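Below, chain A is the first sequence line, B the second, and so on; all start at residue 1. Note that the structure is predicted; figures quoted are calculated from it, not measured.
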Amino acid sequence: MGLLSKKDTKLITDPLADNNPITIQVLGICSALAITAELKASIVMSISVMFVLGLGNVVISLMRNIIPSKIRIIVQLTVVAALVIIVDQVLKAFAYELSKTLSVFVGLIITNCIIMGRFEAFALANGPWKSFLDGIGNSLGYGVILIIVGFFRELLGSGTLLGFPVLGDPIAKTGLYAFGYENNGFMLLSPMALIVVGIIIWVQRTRNKALVEDH
Amino acid sequence: MEHLELFLKSIFIDNMVFATFLGMCSYLAVSKKVSTAVGLGAAVIFVLAITVPLNWLLDQYLLQPGALKWLGAEYADYDLSFLSFIMFIATIATMVQLVEIVVEKFSPSLYNSLGIFLPLIAVNCAILGGSLFMQSREIPSLGLATTYGIGSGIGWFLAILAIAAIREKIRYSNVPPALRGLGITFIITGLMAIGFMSFGGMLTGGDDEAPKEEKTAQVETSKDGSENIKVIANNINVNE
């Protein structure tokens, strides 16, 4: 770890588990749940958020001494909106089908609470390199949850991963389907995303008692 | 009739929280007490009712492909739609600020009950989501856009009111320790969303929507991966 000091590594690894933006800080749930019906969309969403949050944190951190605190929300929103427009245009150019699937949720990265939350809590008080690491760490933590949810929903819901049938062919009854296994179409519907996240929180808090809330 | 249909649809079928998960952050953070939930819900209705029609005008006369026609023939093929995000969020942020100032000046009592929530609202996904859905669903007139804004706001209000009431009661229940607080709220919201899905057939006469769900489910199991993604995409659109 020549490049990263111990403190810097902590910035990246902390949000992955014990300070996870979704399950502990309760940020960024808005756009997280609706697009996790398939793994591919979850991965693309995580990468987009990583781009926006990493760069946005650097930009805000560079400007932190010249932003008047009264209008900082509008400045932050403008920075995020500009970055999100870049993401949106790139997706439309190179992954049109996917950008249709994500529909308005790419735009909603702007109001993703993780981004505003990290700007307010970290980038406004720290230097660019630290802010960059913090952005990457938090978007990784966000991505991990998205990918876990996307993994289970796609696997149990349609029996595929990234579009590849991993459990066999449901029509020809090969693989698992030969034993009478059926896909659970319910997993693809939006309410299941909430319940899967609820279960992730349950597992995480059972393993780490310190995180338990008292109501 | 058109108005009533869109109104009911945006409250129940396309409910912001249960169908599209918009505004979840403040929904989870501010739903511990009914009284604060009511305050925030009212502020959301208020701001949505103002910003959706305003952004509709912007979209119609500035952003859509060919929207600049009113400036003269040479502007007819301009397409500024890539600027929608930044325009919408700027409108929302300034409107929220403006509403805050006006309310403070003219109705201090309303300001006391709504005031603290207004800054929170600029970054509430439900507000931007309202405008973006208004754009992507191509709502045809200013009146309908207003109806859509108010309807979505009321839908959000109902959702946060319901969860706040449940959370007040659940304090007296014996929830497994690891699920307390956030976990159980997620699961309850999921169950409520399943309940709200049953409104899906309300305006289609019941027959259109239900077989469609079954059909997509069948296709999902029968086609290969690439088809699958499209079907899921359709599914998401139907849900939204």
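The structure places CG of B/Leu182 at 4.0 Å from CD1 of A/Ile201, a figure rounded to the nearest 0.5 Å. We find the CD1-CG distance between B/Ile127 and A/Leu108 to be 11.5 Å, quoted to the nearest 0.5 Å. Residue A/Phe105 holds its CZ atom at 5.5 Å from OG1 of B/Thr20, rounded to the nearest 0.5 Å. Atom-to-atom distance recorded for B/Met24:CE and A/Leu194:CG is 5.0 Å, nearest 0.5 angstrom. Taken to the nearest 0.5 Å, the CD1 atom of B/Ile92 stands 8.5 Å off from the CD1 atom of A/Ile110.
Comparing A/Ile85, A/Ile115, A/Val80, A/Ile74 by heavy-atom pairs within less than 4.5 Å of chain B, the highest count is held by A/Ile85. Annotation: maximal heavy-atom pairing with chain A below 4.5 Å, among B/Ser136, B/Pro176, B/Ala193, occurs at B/Ala193. Annotation: maximal heavy-atom pairing with chain A below 4.5 Å, among B/Leu128, B/Ile187, B/Leu28, occurs at B/Leu128. Ranking B/Tyr27, B/Phe82, B/Phe18 against chain A, the residue ahead of the rest is B/Phe82, based on heavy-atom pairs under 4.5 Å.
Taking both residues in full, the closest heavy atoms of A/Arg205 and B/Arg180 are given as NH1-O, 3.8 Å, listed atom of the first, atom of the second, then distance. Contact between A/Pro191 and B/Ile194 at its shortest, heavy atoms only, is CB-CG1, 3.5 Å.
Side-chain atoms of A/Leu77 and B/Phe85, non-hydrogen and from C-beta on, never get closer than 4.5 Å to each other.
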Given side-chain contact (heavy atoms from CB on, under 4.5 Å), test B/Ile86 with A/Thr78 step by step and report yes or no. CA-CA 6 Å; B/Ile86 211 162; A/Thr78 320; 4.0 Å; yes

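Under a cut-off of 6.0 angstrom, the local environment of CZ in A/Phe51 is crowded, with over 12 non-hydrogen atoms contributed by other residues, nucleotides or ligands.
Just one residue in the list A/Val196, A/Ile195, A/Val197 forms a side chain to side chain contact (heavy atoms under 4.5 Å, CB included) with B/Phe186, and that residue is A/Val197.
Only the side chain of B/Gln97 comes within contact range of chain A, with at least one heavy atom under 4.5 Å from a heavy atom of that chain.
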